[in-house]
Visitor: 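Sending over a structure as structure tokens; questions will come in a sec.
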2 protein chains.
Amino acid sequence: MSDQAVLDQIVRKLSARGDLDDGDRAAIHALPYVRRAYEAPAYVLREGEPAKKVCNFVVSGLAYRQKLTSEGARQIVSIHMAGDFLDLQHLFLTYADHSVQALTRLDVAEIDRDALHELVLQRPAVGRAMWTDALVDASIFREWVLNIGRRDARARVAHLLCEFALRMEAAGIAEHHRYELPMTQEQIGDAVGLTPVHVNRTLRALAADGLIRRERRHISLENWEEIRQVADFSALYLHLDPASPAGG
Amino acid sequence: MSDQAVLDQIVRKLSARGDLDDGDRAAIHALPYVRRAYEAPAYVLREGEPAKKVCNFVVSGLAYRQKLTSEGARQIVSIHMAGDFLDLQHLFLTYADHSVQALTRLDVAEIDRDALHELVLQRPAVGRAMWTDALVDASIFREWVLNIGRRDARARVAHLLCEFALRMEAAGIAEHHRYELPMTQEQIGDAVGLTPVHVNRTLRALAADGLIRRERRHISLENWEEIRQVADFSALYLHLDPASPAGG
DNA sequence: CGACTCGTTGAGTGATATCAAACCCGGTGG
DNA sequence: CCACCGGGTTTGATATCACTCAACGAGTCG
């Protein structure tokens with residue numbers, strides 16, 4: 001992907017969150033950044049470090065945020081894909097409260113943090129779009145709290161699969177409720193608070209019931225309406241379409 | 001509390017997140033708002049509604065955010081206290097993805113949303129402080145995901161108690177790791193993903209081990225260092241002191 | 001004093017974890 | 001081309017933490 005295309009990708013992403021004018025677009029195109037690639041499972045950011053001097057925008061690939069228990073138990077708290085800003089959650093914080101790692105090969109644009117501060121604080125429309133993006137991330141965290149706290153294993157993993165389907169479709173990297181999911185079952189477990197063996201049994205049960213199909217690392221949701229119900233999934237929390245309350 | 005004092009409280013809160021100049025303070029003091037009180041368990045905001053035209057700032061009392069499963073299971077996703085903005089999480093979203101309810105009698109200042117938008121987008125220092133506040137909320141959500149996903153009952157409730165202690169002390173409504181906790185055991189369970197009877201047993205076990213003392217609705221943490229370890233608690237995620245990585 | 005909510009306790013159950021082994025498959029080196 | 005290797009997946013047996021159900025107690029309010 002050319003450098004020009006990266007900036008266009010950022011403009012597109014932000015435009016989806018609110019209208020931008022020519023000045024806004026010009027300001028975005030003036031952002032200083034460098035391209036960079038990480039190979040899984042490289043760290044993009046480590047818990048406890050000072051926040052980065054750059055803000056990573058995902059051009060392609062997947063990344064995840066994780067936190068560790070002192071016992072060494074891992075919890076993945078979110079997954080990110082093309083079009084996501086990885087460091088918005090630390091934009092104004094001084095220390096990283098979690099780590100970010102590449103889940104696959106990860107192409108990012110490292111945007112200068114000070115320049116982004118400037119942009120966010122000086123250009124209202126861009127600031128608004130970035131705010132919105134960060135708030136949607138927070139909304140997803142809340143849904144995960146509910147998912148892990150109050151749903152059983154079957155609903156939990158089904159919910160994760162539904163969320164990925166819609167987010168990947170919105171990001172243009174999936175269609176027809178079918179997508180590549182390059183996570184091991186252990187990682188899925190770390191995302192939904194289960195052990196890998198229970199994830200395995202749960203996935204097989206979903207497949208046996210005809211709700212999903214699995215081939216290699218590909219997942220397809222065979223019956224959206226039914227799996228939506230099993231997952232107790234409602235797309236409201238993704239705030240995909242600012243104009244409508246629900247969808248999905 | 002006088003009206004003047006409310007605005008001062010807001011200024012104090014935001015100043016803790018970043019320096020404000022006289023212009024910023026004047027702009028805050030010019031914010032149109034009205035005082036309002038809710039009696040528990042009144043709804044401040046309901047999931048699925050359009051976002052409010054006001055942003056509530058908590059003057060005193062406690063509130064909580066909750067989400068429901070279609071089965072009716074409840075998950076409390078955060079608790080808020082004096083000095084917290086309740087609607088920052090929806091500031092730029094169109095629909096509420098969760099409900100907010102009063103946990104006790106709740107005194108708020110309803111700040112006009114458009115005026116707040118204006119302020120946040122036009123005054124960089126204020127915008128930065130508000131951003132920071134919203135990001136800290138998000139950080140707490142992440143810690144709750146970890147807490148619920150990866151810690152056992154004992155650690156989970158101990159963690160909640162530790163978090164309250166530090167946040168209430170920061171808000172000036174507690175000292176010496178002792179505070180009023182006006183939640184029923186059922187609500188505590190809804191916050192940490194446990195049933196009320198297991199919360200009961202867990203609290204008694206913590207008390208039996210001399211880690212906490214309970215009288216009525218008051219909790220005191222008898223041995224901070226020890227309960228901190230039981231809870232696997234580290235204050236980093238609260239971002240209480242922007243200059244230091246840890247504390248607590 | 002009765003009714004209600006919240007807290008406490010006990011007994012039995014069940015969902016998920018743990019432990020352990022086998023299997024599968026893609027990659028690598030002989 | 002085959003043997004091996006290693007990570008990931010699958011399966012079975014057993015253990016356990018937390019849930020469910022049920023009853024009782026304590027405090028509060030009308």
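Throughout, protein chains are lettered first and strands after them, A, B, ... in sequence-line order, and every chain is numbered starting at 1.
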Visitor: May I have the distance from B:Gln185 (atom CD) to D:dC19 (atom P), rounded to whole angstrom?
Guide: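 So the CD-P distance, B:Gln185 to D:dC19, works out to 13 Å.
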
Visitor: When we call it a touch if two heavy atoms are under 4.0 Å apart, what does B:Gly189 touch: a base, just sugar-phosphate, or nothing?
Guide: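 Result for B:Gly189 = nothing.
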
Visitor: By the 4.0 Å heavy-atom rule, please label B:Thr184 as base, sugar-phosphate, or nothing.
Guide: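 It contacts sugar-phosphate atoms only.
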
Visitor: Mind calculating the distance between NE2 (A:His198) and C1' (D:dT16) to the nearest angstrom?
Guide: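 Going from A:His198 (NE2) to D:dT16 (C1'), I get 14 Å.
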
Visitor: Per the atom types in the model, does the base of D:dG12 pair as donor or acceptor with the side chain of A:Arg201 at under 3.5 Å?
Guide: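 By the distance-only test, yes, there is a pair.
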
Visitor: Between P on D:dC19 and CD1 on B:Ile148, what's the gap in Å once rounded to a whole number?
Guide: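 Those two atoms, CD1 and P, are 12 Å apart.
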
Visitor: Using OP1 and OP2 only, check whether a side-chain N or O of A:Gln187 sits under 4.0 Å from D:dG8.
Guide: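 No, outside the criterion.
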
Visitor: Separation of A:Glu215 atom CD from D:dT9 atom P, in whole Å?
Guide: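 In whole Å, D:dT9 P lies 15 Å from A:Glu215 CD.
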
Visitor: Do B:Glu180 and B:Arg217 meet the salt-bridge criterion of a basic N to acidic O distance under 4.0 Å?
Guide: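 A salt bridge is absent here (no side-chain N lies under 4.0 Å from a carboxylate O).
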
Visitor: Quick one: on DNA chain C, does A:Leu194 or B:Val197 contact a more 5' nucleotide (nearest heavy atom)?
Guide: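 Nearest nucleotide further toward 5': that of B:Val197.
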
Visitor: Among A:Trp144, A:Phe164, A:Tyr237, exactly one meets ring pair (Phe, Tyr, Trp, His ring centres under 6.0 Å) together with A:His159. Which residue is that?
Guide: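 Single ring pair (Phe, Tyr, Trp, His ring centres under 6.0 Å) partner of A:His159 among A:Trp144, A:Phe164, A:Tyr237: A:Tyr237.
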
Visitor: In whole Å, I'd like the distance from the CZ atom of B:Arg154 to the P atom of D:dC17.
Guide: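 Spelled out: CZ on B:Arg154 to P on D:dC17 is 12 Å.
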
Visitor: If we count only N and O atoms by modelled type, under 3.5 Å, do the side chains of B:Gln89 and A:Arg142 hold a donor and an acceptor together?
Guide: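 Yes, A:Arg142 and B:Gln89 have a side-chain donor paired with an acceptor closer than 3.5 Å.
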
Visitor: Please list, in 5' to 3' order, the outermost nucleotides of DNA chain C lying under 4.0 Å from any heavy atom of chain A.
Guide: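 Nucleotide range with atoms under 4.0 Å of chain A: C:dT16 to C:dG26.
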
Visitor: Would you call the rings of B:Trp224 and B:Phe233 parallel, tilted or perpendicular if under 30° counts as parallel and over 60° as perpendicular?
Guide: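 Geometry flag for B:Phe233 against B:Trp224: perpendicular rings.
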
Visitor: Assign each of A:Arg217 and A:Arg150 to its nearest nucleotide of DNA chain D by heavy atoms, then name whichever residue's nucleotide is nearer the 5' end.
Guide: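 Looking at the nearest nucleotide for each, A:Arg217 comes out on the 5' side.
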
Visitor: Mind checking what makes ring pair (Phe, Tyr, Trp, His ring centres under 6.0 Å) contact with B:His80, not counting sequence neighbours?
Guide: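 Ring pair (Phe, Tyr, Trp, His ring centres under 6.0 Å) list for B:His80, sorted by chain: empty.
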
Visitor: Can a salt bridge be assigned to the pair B:Glu143 and A:Lys67 using a cut-off of 4.0 Å between side-chain N and carboxylate O?
Guide: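 Salt bridge flag = yes for A:Lys67 with B:Glu143.
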
Visitor: Would you indicate, yes or no, if D:dT10 has its OP1 or OP2 atom less than 4.0 angstrom from a side-chain nitrogen or oxygen of A:Arg214?
Guide: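 The answer is yes; a side-chain N or O of A:Arg214 sits under 4.0 Å from OP1 or OP2.
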
Visitor: Please check if atom CD in A:Glu215 has more than 12 non-hydrogen atoms from other residues, nucleotides or ligands closer than 6.0 Å.
Guide: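 Buried by this count: over 12 neighbours within 6.0 Å.
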
